[in-house]
Amino acid sequence: VKPIQKPVQVVKIDSQMLTTELLILPDGRILVHNLTQPFAELLHELNPIDEQIASRNSITQPETH
Amino acid sequence: MICAEPTFPDPAIISRSELARERARLAHAALTDCHLCAHHCGVNRRANETGLCRAGAKARIFIAQTEVSDELALIPTFAIAFSGCDLRCDFCITGASSWNPRAGEILSPGTVAERAMEALAAGARTIMILGGEPTIHLPTALEIVAALPDSAKLIWKTNAHGSASARDFLNGMFNVWLADYKFGNDACAQRLARVPDYVHVVQENLRWANEHSELIVRHLLMPGHVECCWRPTAEWLGENLPGTKINLRSGFWPAWHASRHSDLCGTVSQAESDQAVQIAQDCELNLIK
């Protein structure tokens, strides 16, 4: 795995802007940092059987009765 | 020079927000002789002197958003991340902002609290203050607490390298301490994060946090560090903090300056991860997700 270096940047905190970081490994695994709800939903769609993401996606869904 | 000796009103007779407001004032004064973290630099941050963290008197924020990547019992959480840190972990996943206290922007505590309350109204369960390392920005953190309702569940996400003075300011402010125990020995801590006397300081903070709030301890497994870092950490936790919730994380990635260390250029193998879980079971740890 090639080491990742994050560039120095000035981050603007915009209430409309969400940030999630991913590292996709050569074997297909995806590591995630700062996971937001929209990205959890996207990752869940890509791989519905992943338990880690499924548990985080389901906890953010509105309750249905 | 110490300009103000902190006095701490009885938490039983005033609200959290009132207490936080008073402590924020005292914490600002304490920046003139900063001993918030265990480096004890003693610099006057209000006069633009900087210690090892390089932070000034004003806190900047590089993330303020709702996230779902933390412990299941805490999410969704509105995460408020301060720039700057007192440690120098070469593998820091937010190194660009955590090593640079001038990253991000200055937001008023009122604005941050307003966004946090909007997040709570939209379904967030908790509010998490983190960094970098929030301890070095205690005055602003306390101002944010002062602007939040007492009913809000607050999480203090920390590297557990704070001083006794910081703990006095924090007493009664946060419902949950989410604390890292990164290194199982001082040699790895010195080499990878340039921090001396790490184990003693972290253990002192964890014992205190366990007595004063709910405590969740995190350990990020590092490749090649199961025996030197995880095993002693697990053994200490099992012996000294039995039953404490432990989150053993295996998602290490070689971020920031990890390439400076040949042992940190990859990820954690499945075998290492399995071995770490076995160690946790042997130590009868209460693992959570």
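Numbered from 1 within each chain, the chains take letters A, B, ... in sequence-line order.
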Value rounded to 0.5 Å, distance of CG in A/L23 from OG1 in B/T267: 8.0 Å

Hey, does A/T36 have a side-chain heavy atom less than 4.5 Å from the side chain of B/V68? no

Side chain, backbone, both or neither: which part of B/F252 has an atom under 4.5 Å from a heavy atom of chain A? backbone

When you measure from the side chain of A/R56 to the backbone N and O of B/D70, does any donor-acceptor pair fall under 3.5 Å? yes

Under 4.5 Å heavy-atom distance to chain A, tell me which part of B/R125 shows up: side chain, backbone, both or neither. side chain

Student check: side-chain heavy atoms of B/T94 and A/H33 closer than 4.5 Å: yes

Counting only heavy atoms not in A/L46, do more than 12 fall under 6.0 Å of its CG? yes

Side chain, backbone, both or neither: which part of B/E114 has a heavy atom under 4.5 Å from chain A? neither

Which value, rounded to the nearest 0.5 Å, describes the distance between B/T66 atom OG1 and A/L18 atom CG? 8.0 Å

What part of B/L107 is in contact with chain A, defined as an atom under 4.5 angstrom from a non-hydrogen atom: side chain, backbone, both or neither? side chain

Which atoms form the tightest heavy-atom contact between B/V268 and A/R29, and what is the distance? O-NH1, 4.2 Å

Taking CD in B/Q275 as the centre, count heavy atoms belonging to other residues, nucleotides or ligands within less than 6.0 Å. Is the count above 12? yes

Closest non-hydrogen atom pair between B/W253 and A/E21, with its separation: CH2-O, 3.7 Å

Looking only at atom types and distance, does a side-chain atom of B/Q65 sit under 3.5 Å from a main-chain N or O of A/T19, one as donor and one as acceptor? yes

Are the side chains of B/S69 and A/T20 in contact, using a 4.5 Å heavy-atom criterion? no

